[in-house]
Amino acid sequence: CIYYQDRLSGTFIGITVILLTGNLRESSERLKHTNAVLDKRVMERNQELNELTIELLKNAESQRIIHGQRLHDGIGQQLTGTQLYCTSLAEQLLAEQNPNASLAFSMRTDAKTAHDVVRKTARMLFPVRMHAIGLVVSINELVSCLNEMEHLSVTFRVGGDFSELPDDTALGLYRICHESAMCAATELQATVLKLDINEDASAYEVTMQQNGSSWSELEENIEQRLILYRLKALRGVFTSHSAENGFETINYRIPKI
């Protein structure tokens with residue numbers, strides 16, 4: 001009796017093992033299929049996100065161009081007309097020996113100053129001549145404009161050859177420099193910026209040192225989001241280091257395509 005019970009138990013265990021093995025194999029196949037489906041959906045969503053990121057950056061550049069042209073062609077032209085009118089008025093008053101001639105000349109000077117600010121602001125919105133003058137000259141112009149901001153000192157150093165950059169890469173690097181500097185100056189309240197751009201065999205690197213508040217403590221704003229979007233589009237990475245000697249180091253590394 002015990003012999004038959006043992007055989008029955010063995011048979012039952014064998015059948016159970018076979019059933020469990022079949023169920024495990026079926027579950028494993030279903031899990032693999034589910035993982036494959038999920039991987040495919042993740043790839044599709046990542047592709048959609050990349051496309052949306054590129055579209056966002058294109059829209060941002062389009063808005064910059066529109067606003068820059070409005071400043072240059074609208075307000076800029078009006079200020080040019082104001083300068084001409086003030087010059088004509090001042091010369092007429094001077095010919096009549098009218099003491100208000102100096103006031104007209106002063107108005108012309110003020111209009112010229114305002115025109116210069118509008119022109120430089122328009123240039124910062126969109127470096128229209130980058131394709132002709134190159135990335136380094138464009139950044140030098142940006143630094144010159146930034147140095148005219150009150151209580152801000154910016155230095156720029158370059159190491160490497162940036163004369164043959166693809167247009168998208170050049171514009172991306174320029175915008176990263178521009179938006180990082182503006183964020184440091186306006187949001188982090190930095191008074192000194194040290195901007196370096198270098199290259200090696202595999203990547204371009206932008207490094208900014210700033211003496212304001214910490215980047216990590218800043219609530220995410222439009223400049224930060226745009227920078228991260230640009231880095232994603234360029235397959236770049238971002239790092240920040242704790243302050244040393246009062247300066248925080250912010251680094252962007254963009255691989256060469």
Side-chain angles (χ1 to χ4, degrees), residues 53 56-57 60-61 64 116-117 120-127 130 133-163 165-166 168-257:
T53 298
L56 173 65
L57 295 177
E61 289 304 320
R64 289 178 188 272
D116 289 340
V117 172
K120 290 176 181 178
T121 302
R123 288 285 295 113
M124 289 177 66
L125 284 173
F126 185 73
M130 179 181 290
I133 66 178
L135 174 65
V136 174
V137 176
S138 296
I139 296 179
N140 273 319
E141 287 190 2
L142 170 65
V143 169
S144 177
C145 293
L146 291 172
N147 275 321
E148 295 187 12
M149 296 177 64
E150 188 176 2
H151 307 307
L152 185 63
S153 173
V154 185
T155 57
F156 173 52
R157 297 183 304 179
V158 58
D161 182 11
F162 296 88
S163 59
L165 284 176
D168 289 345
T169 303
L171 183 57
L173 288 170
Y174 177 89
R175 287 300 180 212
I176 287 173
C177 293
H178 178 195
E179 288 153 5
S180 297
M182 291 301 298
C183 184
T186 59
E187 301 293 336
L188 304 180
Q189 302 301 311
T191 58
V192 178
L193 303 178
K194 300 176 182 179
L195 185 63
D196 294 348
I197 181 169
N198 298 282
E199 68 159 343
D200 56 33
S202 61
Y204 306 106
E205 193 166 60
V206 175
T207 302
M208 184 180 72
Q209 292 181 297
Q210 60 89 20
N211 67 340
S213 303
S214 174
W215 182 278
S216 61
E217 296 175 0
L218 181 66
E219 293 185 6
E220 189 173 287
N221 59 19
I222 185 63
E223 284 87 3
Q224 283 182 313
R225 289 197 295 271
L226 282 174
I227 290 169
L228 294 177
Y229 291 150
R230 294 187 195 284
L231 282 175
K232 182 177 180 61
L234 296 171
R235 302 176 186 174
V237 294
F238 159 82
T239 56
S240 63
H241 309 285
S242 59
E244 295 181 3
N245 299 322
F247 284 87
E248 179 185 47
T249 300
I250 299 168
N251 182 267
Y252 309 98
R253 188 170 177 85
I254 294 94
K256 292 182 176 178
I257 300 174

- Query: Hey, mind stepping through Phe156 and Asn140 against side-chain contact (heavy atoms from CB on, under 4.5 Å) and telling me if it holds?
  - Reply: CA-CA 7 Å; Phe156 173 52; Asn140 273 319; 3.2 Å; yes
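Summarising the geometry, atom CD belonging to Gln209 is positioned 7.0 Å from atom CG belonging to Asp196; distances are rounded to the nearest 0.5 Å. One distance of note links OG1 of Thr207 with CG of Asn251; it measures 4.0 Å at 0.5 Å rounding. Atom OG1 of Thr155 is separated from atom CG of Leu193 by 8.0 Å, given to the nearest 0.5 angstrom. Here the straight-line distance linking atom CG of Leu171 with atom CG of Leu165 works out to 11.0 Å at 0.5 Å rounding. To the nearest 0.5 Å, atoms CG (Asn198) and CZ (Arg253) are separated by 10.0 Å. Separating the CG atom in Leu152 from the CG atom in Leu146 is a distance of 6.0 Å, to the nearest 0.5 Å.
When the salt bridge (Lys or Arg N to Asp or Glu O under 4.0 Å) test is applied to Lys256, the partners found at least two apart in sequence or on another chain are Glu199. Not a single side-chain contact (heavy atoms from CB on, under 4.5 Å) links Asn245 to another residue, sequence neighbours left out. Applying the ring pair (Phe, Tyr, Trp, His ring centres under 6.0 Å) rule to Phe238 yields the partners Trp215, Tyr252; only residues at least two apart in sequence or on another chain are considered. With sequence neighbours excluded, the residues satisfying side-chain contact (heavy atoms from CB on, under 4.5 Å) with Thr186 are Met182. Here Glu179 pairs with Arg64, Arg230 under the salt bridge (Lys or Arg N to Asp or Glu O under 4.0 Å) rule; sequence neighbours left out. With sequence neighbours excluded, the residues forming a side chain to side chain donor-acceptor pair (under 3.5 Å) with Ser163 are Asp161, listed by chain and number.
The two residues Val206 and Leu195 come nearest to each other via the heavy atoms CG1-CD1, 4.0 Å. The two residues Gly172 and Leu234 come nearest to each other via the heavy atoms CA-CD1, 4.0 Å. Closest of all the heavy-atom pairs between Glu248 and Ser214 is OE2-OG, 3.1 Å. Heavy-atom minimum distance, Leu173 versus Ile254: CD2-CD1, 3.7 Å. When all heavy atoms of Ile139 and Cys177 are compared, the pair lying nearest together is CD1-SG, 3.9 Å. Scanning both residues, Gln210 and Ala190, for their nearest heavy atoms gives OE1-CB, 3.5 Å.
Around the CG atom of Asp116, the shell of radius 6.0 Å holds more than 12 heavy atoms that belong to other residues, nucleotides or ligands.
In this structure, the side chain of Asn211 does not engage the main chain of Gly246 through any donor-acceptor pair within 3.5 Å.
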